[in-house]
Protein chains: 2
Amino acid sequence: MATSLESSALTKRLTDSGLRPTPQREVVFKVILEKRDHPTADEIFARVKSQMPTISLATVYNCLETLVQNGLVRQVNFDRAPTRYCPNLHEHAHFHDETTGEVHDIDVPAELLAKLRGVLPPGYDASAIELSFRGKAAPETN
Amino acid sequence: MATSLESSALTKRLTDSGLRPTPQREVVFKVILEKRDHPTADEIFARVKSQMPTISLATVYNCLETLVQNGLVRQVNFDRAPTRYCPNLHEHAHFHDETTGEVHDIDVPAELLAKLRGVLPPGYDASAIELSFRGKAAPETN
DNA sequence: GAATGGATTTAGAATAATTCTAATTCCTAC
DNA sequence: GTAGGAATTAGAATTATTCTAAATCCATTC
């Protein structure tokens, strides 16, 4: 069944990173993978609690830190709003919808990313590029 | 003399925005214009206090908010670090030097900015674009 | 020139996201 | 089975920022 397959795949991703696949880490990771709406730590905490009511917020923060450090999840920051978490590991940009508060992933062609690096003066070596947009998005066409 | 000229130019920029040129606003604005190293509110507070020891941190925050709202100063955020303030009003990117903690302005050609907007799906309308780099910069060639 | 009232400043309290601390629990390896 | 390190936990602490309510300032009106 799909769920157990997913669960073991998820476990594998943790162990492949050298992480102990604790139930807490698995449920935090699972929640982030399942609903990719860039939740905050609080939102993740709420979702996780419905499956594991005894988990603590500190643990959610610990798991998130571990996942981020191991490159399994990325942090997304905008202004000084609470950090959001994103399981999309491709290099991509973010669009923050002012109207709905939603965050959408935006694909950036590799060619354009290379051009972006090109704006740096000689001697500047960027290990990370962050690109984000703020604005309004047309409602989804259903 | 240069100082009074600067001071009146600064006053003019405030009044042109419809702001009352209070001593507090002027000194906060002056400090930001004088040393363009992207200071935090705390750093601005410290610099301002040396000229106006009675000013309060709340006032510095108030002045900064006013300056930002009127487009005289821009906020620069990186991850969840304290907000920094930048008097460079041209559209530009920021480079955060991991080694020194310094922030440098990076010029972005208008043509490239246009290309960036081009990555948005149809229906997405960006009112602001933020681009920042993190990495190491070669030391200044003196 | 004094009174009025809205804008501004101020000190300190409050807020909120996150991190820290110290104790407990859990596992893994011996 | 036990020892020891890793992980979890509750709650305290931290920190940047915002809020609150009172005081002050200042432009305008009488």
Side-chain angles (χ1 to χ4, degrees), chain A residues 10-11 14-15 17-32 38-49 51-70 72-86 96 101 103, chain B residues 10-11 14-15 17-32 38-49 51-70 72-86 96 101 103:
Chain A
L10 191 148
T11 302
L14 292 173
T15 54
S17 295
L19 298 176
R20 245 165 56 184
T22 68
Q24 289 86 349
R25 284 172 179 169
E26 294 200 334
V27 68
V28 167
F29 196 13
K30 176 158 163 273
V31 149
I32 293 173
H38 303 86
T40 63
D42 266 351
E43 288 166 346
I44 292 166
F45 182 45
R47 293 174 194 179
V48 159
K49 259 201 298 202
Q51 300 179 49
M52 185 184 279
T54 59
I55 198 170
S56 77
L57 179 57
T59 299
V60 170
Y61 272 106
N62 287 343
C63 292
L64 289 172
E65 186 184 23
T66 301
L67 293 172
V68 168
Q69 280 173 350
N70 288 273
L72 297 170
V73 164
R74 288 178 41 186
Q75 291 186 320
V76 178
N77 288 290
F78 203 61
D79 295 345
R80 290 206 20 109
T83 297
R84 296 175 173 277
Y85 295 85
C86 173
H96 297 249
V103 177
Chain B
L10 190 147
T11 303
L14 292 173
T15 53
S17 294
L19 297 175
R20 241 163 60 183
T22 67
Q24 289 87 348
R25 283 173 181 168
E26 294 200 336
V27 68
V28 167
F29 196 13
K30 176 159 163 275
V31 149
I32 294 173
H38 303 86
T40 63
D42 266 351
E43 288 166 346
I44 292 166
F45 181 45
R47 293 174 194 180
V48 159
K49 259 201 300 202
Q51 300 179 50
M52 185 184 279
T54 58
I55 199 171
S56 78
L57 179 58
T59 299
V60 170
Y61 272 107
N62 287 343
C63 292
L64 289 172
E65 186 184 24
T66 302
L67 293 172
V68 168
Q69 280 174 351
N70 288 273
L72 297 171
V73 164
R74 288 176 44 183
Q75 292 185 320
V76 178
N77 288 289
F78 202 61
D79 295 346
R80 289 209 17 112
T83 297
R84 296 173 173 279
Y85 294 87
C86 173
H96 297 249
V103 177

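Computation of the quantities below employed the complete heavy-atom set of this structure, encompassing side-chain atoms and omitting hydrogens, waters and symmetry-equivalent molecules. Keep in mind it's a predicted model, so treat the numbers as computed, not measured. Throughout, a chain's letter reflects where its sequence line sits, starting with A, and its residues are numbered from 1.
B:E43 places a side-chain N or O within 3.5 Å of a backbone atom of B:T40 that can act as its donor or acceptor partner. A donor-acceptor pair under 3.5 Å is absent between the side-chain atoms of B:E65 and the main chain of B:N62, judged by distance alone. Without hydrogens or angle criteria, A:R25 side chain to A:R20 main chain gives a donor-acceptor distance under 3.5 Å. Although no hydrogens or angles enter the test, the distance criterion places no donor-acceptor pair under 3.5 Å between the side chain of B:H38 and the main chain of B:C86. Under the 3.5 Å distance criterion, the side-chain polar atoms of B:T59 are left unmatched by any main-chain donor or acceptor of B:I55.
Between the CG atom of A:N77 and the OG1 atom of A:T83 there is a distance of 3.5 Å, given to the nearest 0.5 Å. Taking CD of A:Q75 as the start and CZ of B:R80 as the end, the distance is 10.0 Å to the nearest 0.5 Å.
In this model, the phosphate group of D:dA7 is not approached by any side-chain N or O of A:T59 to a distance below 4.0 Å at OP1 or OP2. Contact check, A:T22 against D:dA6: no side-chain N or O comes under 4.0 Å of OP1 or OP2.
Closest to the side chain of B:Q24, out of C:dT9, D:dT8, D:dA10, is C:dT9. Across C:dT9, D:dA7, D:dT9, the shortest atom-to-atom separation from the side chain of A:T54 is found for D:dT9.
Taking for each of B:R20 and B:A58 the nucleotide of DNA chain C with the nearest heavy atom, the 5'-most of the two is the partner of B:R20. Judged by closest nucleotide on DNA chain C, B:L19 is the one of B:S56 and B:L19 placed further toward the 5' end.
Rounded to a whole Å, the CG atom of B:L64 is 12 Å from the P atom of C:dT9. Protein atom CZ of B:F45 is 8 Å distant from nucleotide atom P of C:dA11, rounded to whole Å. Nucleotide C:dG12 holds its C1' atom 14 Å from the CG atom of B:N62, rounded to whole Å. Rounded to an integer number of Å, the gap from B:I55 CD1 to D:dT24 P is 17 Å. As a whole-Å value, the separation of B:L67 CG from C:dT9 C1' is 15 Å. Rounded to whole Å, the distance from CD on A:E65 to P on D:dA7 is 11 Å. The CD-C1' distance, from B:E26 to C:dT8, rounds to 14 Å in whole Å.
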Mind listing the N/O atom pairs, protein and nucleotides 13-17 of chain D, below 3.5 Å?
residue: D:dT17; atom: OP1; partner: B:T83; partner atom: N; Å: 2.9
residue: D:dT17; atom: OP1; partner: B:T83; partner atom: OG1; Å: 3.0
residue: D:dT17; atom: OP2; partner: B:Y61; partner atom: OH; Å: 2.6
residue: D:dT17; atom: O5'; partner: B:Y61; partner atom: OH; Å: 3.4

